[in-house]
Amino acid sequence: MRRTALVAGAARGTGALAARRLAAAAWDVVAVDTDEAGLAATAFRSPNTHVRACDITDPKDVADILGVTGAVHRLVIAPALPAPEPPVDEAMRDGFLGPAGLIRAALPGMLERGAGEVIVIVASGASPATAAAAAAARAYIEALAAEQRGRGVAFRCASPPAEVPARLVLDEIDRSLARPGEVHVAPGRRPLRLAPRRPRRARASAPPR
Amino acid sequence: MRIRDAAVASAMFTVPAAAAQAVIAYSGLEIAEPLAGRGGRSGSVGRGGRAICSLAFVRYADGDLGPYHEFAVAFLVRPPGTPPPSGRGGRLRAMRDVGAFIHWLPVNQEFTLECGRSIWGFPKELADIPMDLAGRVKRCAVRFGGRTAVEVAVRPGAPMPGGAGAPKVDAYSCLDGVTRRTPWTLTPSDVRMRPGGAKVVLGDHPVAEELRALGLDRARALSSTTVGHLSMTFDPAEEVRP
């Protein structure tokens, strides 16, 4: 059975690359954004990528898109291009309320199946309003992960600095999905390791899924 | 044809040159033999000489053929019409001109399958190709109807400094009796290399049987490479008559 991914913010940047990588891996990808020209570029010569103009801050658009996709296996929410100094209400709507609404709509299908992945990539905090929205999104994902622990849905929230390339952001998220229980992903930052490494347990070589 | 973003893991193996020559005989091309054996001075592949077989897996994220996964089995070959080199120095100098003969090229998407076969004559066939290029160890499998043909794992190497230019290679293919040459330019970045570092497990596909006969099942690699970001161009193919 083909897995289905819903990628919001798929017209450009990290969202576009996430959609293309999933399409390359033979997922059925539903790519949504308000930028239709950008969506067309993302879906270029990819028959398993389906595009749909959708404003995730509009509950009707969100209901429509989930009506089309049904339950998805993976939800990826990548940041829209923020205005340099957005008003607080606009930043909160784009960076927190929209993503939270989409997650609320997609989550029941995942919980019903007992499996799913919710990945939110927040914008780097170029302005106080954007930073506040990013902080709210991080807190929301963390609380959701705690609330839904043990029900088969993985939650990840990545906060990449602006200078980290999209491919490295997505690589770090992919690696984090192999580490159960981890919620926050910090691409581009390596924690200083002071303690000596513990010897790793031998592990059978497992091919990719 | 332009590829704007791909990621690759690959491994090179030394294999018996005579056996490798037999595998690619249908192309009319001559295998390159960088490591000498006995004999082989008259233009034929020498007894005991070693050739290079490369296994690679590629994720094409952004390119003119759309997004897809690909696995490649390639052999280094001499350009058609060039005599076999003699002496150790000659063999090393000749390596500058070698091409890559693509013997098998499974892909997981139909658009690239059709284009690859019809435009460049690449031996593409449709397969399931799960791949992990994000982990420390890069892994790939090629499966047909749930049956595994080959699995490859490549361990991380040491970072390599950026190259001064874009390497140019001739890719050769042979489909339906027609041998073609495709000029190929690569611009890699985030390159890591190491000696050894790869593990191959072969299944029950006919190409896996060929690779098993070359001694590749669980063989030690000569070297392995990962490329975090790769852009490429393929020029139009031209027919060659070796």
Side-chain angles (χ1 to χ4, degrees), chain A residues 1-3 5 7 10 12-29 31 38 40-51 119 156 158 164-179 185 187-188 190 197 200 203-209, chain B residues 1-7 9 57-70 107-115 126-143 148-155 189-190 198-201 203 218 226-230:
Chain A
M1 184 186 69
R2 265 194 172 176
R3 293 169 292 178
V7 183
R12 54 175 289 281
T14 309
L17 184 58
R20 290 191 186 113
R21 282 191 179 188
L22 289 163
W27 287 61
D28 264 328
V29 178
T42 298
F44 179 64
R45 289 182 176 156
S46 177
N48 50 320
T49 301
H50 317 280
V51 300
I119 296 160
R156 297 291 183 274
V164 177
R167 66 186 178 83
L168 299 184
V169 174
L170 296 174
D171 284 350
E172 190 64 41
I173 291 169
D174 280 349
R175 284 192 290 271
S176 82
L177 288 169
R179 299 190 288 264
V185 183
R190 295 266 171 217
R197 281 178 187 273
R200 282 192 301 166
R203 173 169 84 85
S205 175
R209 280 186 296 165
Chain B
M1 197 276 290
R2 192 172 293 274
I3 302 297
R4 290 169 285 278
D5 180 25
F57 47 100
V58 190
R59 177 184 61 213
Y60 293 89
D62 185 10
D64 291 348
L65 299 181
Y68 63 101
H69 288 178
E70 179 178 271
V107 294
N108 72 340
Q109 300 282 348
E110 293 200 9
F111 185 80
T112 184
L113 173 82
E114 295 302 325
C115 288
L126 211 54
D128 293 325
I129 311 180
M131 198 178 284
D132 175 9
L133 283 164
R136 186 173 164 275
V137 178
K138 318 298 182 196
R139 297 177 193 278
C140 176
V142 180
R143 298 190 180 118
T148 299
V150 57
E151 290 176 4
V152 179
V154 174
R155 294 202 297 273
S189 59
D190 187 12
K199 181 181 175 187
V200 180
V201 178
R218 299 169 198 274
T226 59
V227 181
H229 174 70
L230 178 65

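In what follows, chains are A, B, ... by sequence order, proteins preceding strands, each numbered from 1.
Under a 3.5 Å cut-off, the side chain of B:Gln109 and the backbone N or O of A:Asn48 do not form any donor-acceptor pair. A donor-acceptor pair under 3.5 Å is absent between the side-chain atoms of A:Arg21 and the main chain of B:Ala61, judged by distance alone.
Applying the salt bridge (Lys or Arg N to Asp or Glu O under 4.0 Å) test to B:Arg59 and every residue at least two apart in sequence or in another chain returns nothing.
For B:Arg4, the CZ atom is densely surrounded, since the number of other residues' heavy atoms within 6.0 Å is greater than 12.
For B:Phe111, the part lying near chain A is the side chain, with the backbone staying farther off; criterion is any non-hydrogen pair under 4.5 Å. Using a 4.5 Å cut-off between heavy atoms, B:Leu65 touches chain A through its backbone atoms (N, CA, C, O) alone.
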(message) Go through it in stages, so that I can follow the logic: the residues are A:Leu17 and B:Asp5, the test is side-chain contact (heavy atoms from CB on, under 4.5 Å), and I'd like the CA-CA distance, side-chain angles, deciding distance and then a yes or no.
(response) CA-CA 10 Å; A:Leu17 184 58; B:Asp5 180 25; 3.5 Å; yes

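The most heavy-atom pairs under 4.5 Å with chain B, out of A:Ala24, A:Ala178, A:Ala16, come from A:Ala24.
Atom CG of A:Leu168 is separated from atom CG of B:Asp190 by 7.0 Å, given to the nearest 0.5 angstrom. Rounding to the nearest 0.5 angstrom, the gap separating the CG atom in A:Asp174 from the CG atom in B:Leu133 is 9.5 Å. Residue B:Asp64 holds its CG atom at 5.5 Å from CZ of A:Phe44, rounded to the nearest 0.5 Å. Distance check: A:Ser46 OG to B:Tyr68 OH gives 12.5 Å after rounding to the nearest 0.5 Å.
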